[in-house]
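First the structure, in the form of structure tokens, and then the observations on it.
Being a predicted model, the structure only gives us computed values, none of them experimental. In this chain, residues are counted from 1 in sequence order.
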Amino acid sequence: RSSDLQVQVVIMETNQEWQVLQLRVHAFVACAIVNMQQLPEKLNPVIKPLMETVKKEENTLVQNYAASCIAKLLQQCTSRHPCPNPKIVKNLCNSLCIDSNL
């Protein structure tokens with residue numbers, strides 16, 4: 001039925017919008033942590049949303065902001081032992097190589 005199909009379409013659209021907003025919230029929280037220079041011992045919760053935003057975000061302003069936060073994060077991590085920067089840069093390069101839009 002037509003109404004069932006409309007409901008399914010609305011559910012799918014709402015789910016997609018929710019995923020976009022969830023990624024943005026995680027990215028902006030990660031950026032806040034980087035900008036406050038309060039990096040946790042375990043960096044994955046900060047790095048992951050920033051990397052995902054650079055890869056998936058359609059809004060270039062948000063994408064560029066996440067990328068600038070990654071650059072700030074790399075600067076803040078230079079004195080860490082072991083330094084995570086080579087792994088972060090490698091992952092960035094790998095995602096660029098996989099992206100067929102580039």
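The side-chain hydrogen bond (donor to acceptor under 3.5 Å, both in side chains) check on Lys72 picks up Asn35, with sequence neighbours excluded. Evaluation of the side chain to side chain contact (heavy atoms under 4.5 Å, CB included) rule for Pro84 yields Leu43, Cys77, Arg80, Ile88 as partners, not counting sequence neighbours. Taking the salt bridge (charged side-chain N to carboxylate O under 4.0 Å, His left out) definition, one finds that Arg24 meets it with Glu57, sequence neighbours left out. The side chain to side chain contact (heavy atoms under 4.5 Å, CB included) search around Ala66 returns Leu50, Thr53, Val54, not counting sequence neighbours. For Lys56, the salt bridge (charged side-chain N to carboxylate O under 4.0 Å, His left out) partners two or more places apart in sequence, or in a different chain, are Glu52. Annotation: side chain to side chain contact (heavy atoms under 4.5 Å, CB included) contacts of Asn15 (sequence neighbours excluded): Trp18, Gln19. Looking at residues two or more places apart in sequence or on another chain, you find a side chain to side chain contact (heavy atoms under 4.5 Å, CB included) between Lys87 and Asn91.
A pairwise comparison of heavy atoms in Asn44 and Pro49 identifies O-CD, 4.1 Å as the closest pair.
Contact annotation: the side chain of Leu74 approaches that of Val89 to within less than 4.5 Å [non-hydrogen atoms, C-beta and beyond]. Counting heavy atoms from C-beta on, the side chains of Asn59 and Gln63 never come closer than 4.5 Å.
Hydrophobic cluster membership for Val62: Phe28, Tyr65 (Ile, Leu, Val, Met, Phe, Trp, Tyr linked by side-chain heavy atoms under 4.5 Å, directly or transitively). Cluster partners of Val7, by chain and number: Ile11. The rule joins Ile, Leu, Val, Met, Phe, Trp and Tyr whenever side-chain heavy atoms lie under 4.5 Å apart.
Among pairs with a residue in residues 9-19, none fulfils salt bridge (Lys or Arg N to Asp or Glu O under 4.0 Å), at least two apart in sequence or across chains. Pairs of residues two or more places apart, or lying in two chains, never qualify as salt bridge (Lys or Arg N to Asp or Glu O under 4.0 Å) while including a residue from residues 29-42.
A distance of 9.5 Å separates SG of Cys31 from CG of Leu73, quoted to the nearest 0.5 Å. For the atom pair NE2 (His26) and CG (Leu21), the distance works out to 11.0 Å, reported to the nearest 0.5 Å.
A donor-acceptor contact shorter than 3.5 Å links the side chain of Gln76 to the backbone of Val34.
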